[in-house]
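Working notes, beginning with the structure itself.
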Amino acid sequence: MSDDGKHGSVDGPTDPYEREPGYETEVDGTSGRTPTDVVAGIGIGVLALIAFGFFHVAVWIAFPVAIVVALLAWQLLAARRRRKRRVHGDRV
């Protein structure tokens, strides 16, 4: 019987409801890093807005596009983290 490291591994508890340092509790009760992903998305959106200003893009175009870029970055980072957790177990 192989141990995939997800259920009762000897390396430590894999309870998704256990509090971990540096992690926040998600809406579903599991530990996650959504706040980190949100901050990174906002930072990327701000950088996009600065880049649009550098290229003199109209404000009515720059702000909505920067918001979309920020939301996409947030969702991509969150999806990447979910995929890592699914593939490598709960402790990623």
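These numbers come from a predicted model, not from an experiment. One-based numbering along the sequence shown.
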Co-members of [X] in a cluster of I, L, V, M, F, W and Y side chains, linked at under 4.5 Å:
X: Trp60; result: Ile44, Phe52, Phe54, Phe55, Val57, Ile61, Val65, Val69
X: Val59; result: Leu49, Phe63
X: Leu77; result: none

Worksheet entry | Arg80/Arg83 under side chain to side chain contact (heavy atoms under 4.5 Å, CB included): CA gap, chis, key distance, verdict | CA-CA 5 Å; Arg80 182 174 167 230; Arg83 185 178 60 235; 3.9 Å; yes
Worksheet item: For the residue pair Gly41 and Ala73, what are the closest heavy atoms and their distance?
Response: CA-CB, 4.1 Å
Worksheet entry | Results of side-chain contact (heavy atoms from CB on, under 4.5 Å) for Leu71 - residues two or more places apart only | Ile67, Trp74
